[in-house]
Amino acid sequence: MITAGERYGRHDSGQGRPFNVEFVSANPTGPLHVGHGRQAALGDAIASLLEWTGWQVTREFYYNDAGVQIQNLALSVRARLVERATGRLEIPEGGYHGEYIREIAAAYAAACPDDAEGADLERVRAFAVQALREEQDRDLKALGVRFDVYSLESSLYAGGNVEETVAMLRRGGHTFEEGGATWLRTTDYGDDKDRVMRKSDGTYTYFVPDVAYHVTKWRRGFHHAINVQGADHHSTVVRVRAGLQALGLGIPEGYPEYQLHQMVTVMRGGDEVRISKRAGSYVTVRDLVDDVGRDAVRFFFLMRKADTPLTFDVDLARTQSEENPVYYIQMAHARLCGIFRVGEIDAGTITGDGVDFARLGEESERLLVAALLDFPRTVASAAEAREPQRLVAYLHDTARLTHNWYHRERVLEAPDGLREARLVLARAAQIVLRNGLTILGISAPERM
RNA sequence: GCCCCUGUAGCUCAGAUGGAUAGAGCAGCGGUUUCCUAAACCGUUGGCCGCGUGUUCGAGUCACGCCAGGGGCACCA
């Protein structure tokens with residue numbers, strides 16, 4: 001434990017094989033909301049857990065920048081441009097009402113004075129998408145989440161992947177024509193009804209580029225992949241997998257994995273904060289980070305398993321007291337640091353050599369030692385199940401045992417021999433708490 | 001109607017590959033402070049694990065059926 005240090009808890013079950021973790025993947029049609037925040041925290045923690053179990057992880061973000069939603073975005077911005085020019089506002093059907101649309105329109109008008117009413121819709125679209133991607137990048141940065149790869153739906157059309165996928169599906173014999181549309185017989189793969197892949201107007205439904213996208217993932221060597229999404233996308237799971245099966249490329253039935261999470265509600269002052277993208281009332285990821293801090297945001301998003309609806313209690317998250325679990329865990333770590341600080345001991349020099357661990361006989365220290373030894377198993381289990389909340393629960397438990405021990409037993413003032421053994425225990429607990437928090441993307445402060 | 005998720009202490013939730021008296025936090029009650037951070041700790045009250053049947057030596061965990069709540073069921077994404 002001591003000699004492994006910051007590597008304590010790692011495994012090599014992944015054996016360096018590539019693993020693609022796709023998460024957030026928000027359409028560039030607005031700022032990131034709390035649901036994306038949960039995905040960001042979950043996806044990043046799962047990615048980290050996989051790294052700790054020996055996988056070579058790529059964090060990937062997929063932009064749906066080619067569909068109807070983007071068209072609506074462009075039309076919404078144009079509507080605001082027209083409003084600026086004429087004073088008349090007509091937001092189109094399915095359009096976006098948020099205040100940020102107005103801001104994008106203002107920026108567009110400033111950048112492109114020759115097109116103040118947005119006559120060049122393609123130009124408006126590109127501008128708005130770019131602006132919102134930058135906006136989302138700032139949100140992700142506030143959370144401390146980084147991606148290795150950004151994939152664009154539009155590039156799948158431009159690169160011919162969509163056409164190629166459709167051609168392969170047709171060759172595979174699982175398609176048929178009806179009502180002027182082309183259908184994929186997804187019922188051959190467990191769907192409850194067949195799905196349109198090419199609409200009668202000649203455009204493709206969303207899941208076709210999705211299938212094409214996953215073909216590119218597979219071909220890039222990612223034979224292991226997981227997508228973290230909201231449970232409202234659960235109907236896509238069967239379709240995408242069905243499409244991949246129908247291609248006959250030898251892709252396994254369960255590819256890709258999905259980790260779907262339930263809804264997030266935000267409580268503030270005892271009331272639920274209503275979220276309505278349409279009406280423009282909005283709790284963004286950045287609002288939350290500004291309010292309660294990055295560590296608390298990440299922790300609260302990770303403390304429940306994905307299958308459970310999450311209530312984000314803003315008042316609790318910003319409380320700096322015993323009630324707030326994230327402070328409780330960080331405090332346990334800071335306390336241990338405090339021992340070394342007060343004792344003027346460099347924790348890094350602790351080796352455990354020549355120490356008689358049999359002297360750690362108190363109940364509180366035996367329990368703590370047992371918990372620390374359990375850390376690698378917890379990491380492995382959380383990684384295997386793709387469930388970071390197991391690690392959260394473990395850390396809370398270990399923090400409790402740490403506080404308990406700290407209050408019952410003295411370290412610096414213990415007799416010779418026992419003192420050295422307890423310093424090793426303090427060091428080991430410090431390592432485990434810090435490693436655990438690091439996996440979750442939460443800081444481990446040395447003092448608070 | 002079909003699909004997915006959930007149902008465990010008063011409340012919010014944990015309970016890996018089935019395994020011994022089912023755990024935590026909060027709330028409640030009772031304590032602890034000349035002490036490495038009281039931003040804390042200790043003790044204690046409180047559970048037909050939604051209901052039923054089945055598989056098993058053994059079920060909170062697996063299967064099936066009910067009941068209740070949430071979400072999803074487009075030639076939208």
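The figures here come from the full heavy-atom set of this structure, side chains too, leaving out hydrogens, waters and symmetry mates.
Closest approach to the A/D192 side chain among B/C5, B/C36, B/C2 is made by B/C2 (side chain taken as heavy atoms from C-beta onward). Closest to the side chain of A/H396, out of B/C75, B/G25, B/C36, is B/G25. The A/R408 side chain lies nearest to B/C42 when the options are B/A39, B/U37, B/C42. Checking B/C76, B/A77, B/C5 against the side-chain heavy atoms of A/Q262 singles out B/C5 as nearest. Picking from B/C75, B/C42, B/A74 the nucleotide with the shortest atom distance to the side chain of A/R195 gives B/A74. With distances taken from any side-chain atom of A/Q69 to the nucleotides B/A77, B/C13, B/C36, the minimum falls on B/A77.
With contacts defined as side-chain heavy-atom distances shorter than 4.5 Å, the pair A/V124/A/L73 does not qualify. Taking 4.5 Å as the limit, every side-chain heavy atom of A/E253 sits out of range of all side-chain heavy atoms of A/Y189.
OP1 and OP2 of B/C3 both lie 4.0 Å or more from every side-chain N or O belonging to A/K193. At B/C42, one or more side-chain N or O atoms of A/N404 fall inside 4.0 Å of OP1 or OP2 (strictly under the cut-off). OP1 or OP2 of B/A38 sits under 4.0 Å from a side-chain N or O of A/R335. Contact annotation: A/Y63 does not reach the phosphate of B/A77 (side-chain N/O to OP1 or OP2, under 4.0 Å). Phosphate proximity of B/A14 to A/T308: present, with a side-chain N or O under 4.0 Å from OP1 or OP2.
Using a 30° and 60° split on the angle between ring planes, A/W52 and A/F375 fall in the perpendicular class, above 60°. Using cut-offs of 30° and 60° on the angle between ring planes, the pair A/H214 and A/Y258 is tilted. By the 30° and 60° cut-offs, the orientation of the rings of A/F147 relative to A/F61 is perpendicular.
Rounded to a whole Å, the OH atom of A/Y213 is 17 Å from the P atom of B/A77. We find that OH of A/Y258 is positioned 16 Å from P of B/C5, with the value rounded to whole Å. Rounded to whole Å, the distance from CG on A/L310 to P on B/U12 is 14 Å. Distance CG (A/D194) to C1' (B/C2): 15 Å, rounded to an integer number of Å. Regarding A/D201, its CG atom lies at a distance of 12 Å from the P atom of B/C75, rounded to whole Å. Atom P of nucleotide B/C4 and atom CZ of A/R241 are separated by 13 Å, given to the nearest angstrom. Rounded to a whole Å, the CG atom of A/L302 is 16 Å from the P atom of B/C13. Atom NE2 in A/H234 sits roughly 10 Å away from atom P in B/C3 (whole-Å rounding).
With both ends at atom C1', the span from B/U45 to B/C66 equals 35 Å, rounded to whole Å. Rounded to the nearest Å, the gap between the P atom of B/U21 and that of B/G25 is 23 Å. Across B/G58 and B/C36, the matching C1' atoms stand 48 Å from one another, rounded to whole Å. Of the P atoms belonging to B/C67 and B/A27, the separation is 39 Å, rounded to the nearest Å. When the C1' atom is compared between B/C51 and B/U6, the two are found 16 Å apart, to the nearest whole Å. Atom name P, nucleotides B/A22 and B/A9: the rounded distance is 14 Å, in whole Å. Comparing the same atom, C1', in B/G60 and in B/U56 gives a spacing of 16 Å after rounding to whole Å. With P as the reference atom, B/G10 and B/G47 are 7 Å apart, rounded to whole Å.
Contact detail for A/A79 and A/I91: the closest heavy-atom pair is CB-CA, 4.2 Å. In terms of heavy atoms, A/R366 sits closest to A/L360 at CG-O, 3.6 Å. The shortest heavy-atom contact between A/G118 and A/R78 is O-NE, 2.9 Å. Across A/L440 and A/A45, no two heavy atoms sit closer than the pair CD2-CB, 4.4 Å. When all heavy atoms are compared, the tightest approach of A/P445 to A/H333 is O-ND1, 2.9 Å.
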Under 3.5 Å for both distances, Watson-Crick or G-U wobble, that's the pair rule; now give the dot-bracket for RNA chain B, with | marking pairs to another strand and [ ] for crossing ones.
-> (((((((..((((.....[...)))).(((((.......))))).....(((((..]....))))))))))))....
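Note on A/G343: nothing from the nucleic acid sits closer than 4.0 angstrom, heavy atoms only. Among the heavy atoms of the strands lying under 4.0 Å from A/G179 is at least one base atom, whether or not backbone atoms are also near. Across all strands, A/D397 comes closer than 4.0 Å to no nucleic acid atom at all (heavy-atom distances). At a threshold of 4.0 angstrom between heavy atoms, the contacts of A/T205 are confined to the sugar-phosphate backbone, with no base atom among them. Nucleic acid contact for A/R447: base, since at least one base atom lies under 4.0 Å from a heavy atom of the residue. Residue A/Q71 is classed as having no contact, given no heavy-atom separation below 4.0 Å to the nucleic acid. A/A181 comes within contact range of at least one nucleobase, with a heavy-atom separation under 4.0 Å.
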Tabulated below should be each protein N or O lying under 3.5 Å from an N or O of nucleotides 15-20 of chain B; please produce it.
residue: B/G15; atom: OP1; partner: A/Q389; partner atom: NE2; Å: 2.6
residue: B/A16; atom: O4'; partner: A/R390; partner atom: NH1; Å: 2.7
residue: B/A16; atom: N7; partner: A/R377; partner atom: NH1; Å: 2.8
residue: B/A16; atom: N6; partner: A/R377; partner atom: NH1; Å: 2.4
residue: B/A16; atom: N1; partner: A/R377; partner atom: NH1; Å: 3.2

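Between A/R304 and A/T311, the side chains place no donor N or O within less than 3.5 Å of an acceptor N or O (distance only, hydrogens not considered).
Judged by closest nucleotide on RNA chain B, A/R400 is the one of A/R400 and A/Y406 placed further toward the 5' end. In this structure, A/D307 and A/W405 both approach RNA chain B, and ranking their closest nucleotides by distance from the 5' end singles out A/D307.
Evaluated for a salt bridge (Lys or Arg N to Asp or Glu O under 4.0 Å) with A/R268, the options A/D287, A/D291, A/D313 yield exactly one hit, A/D291.
A/Y62 and A/Y150 have their aromatic ring centers separated by at least 6.0 angstrom.
Not a single donor-acceptor pair, N or O on each side, falls under 3.5 Å between the base of B/C73 and the side chain of A/S235.
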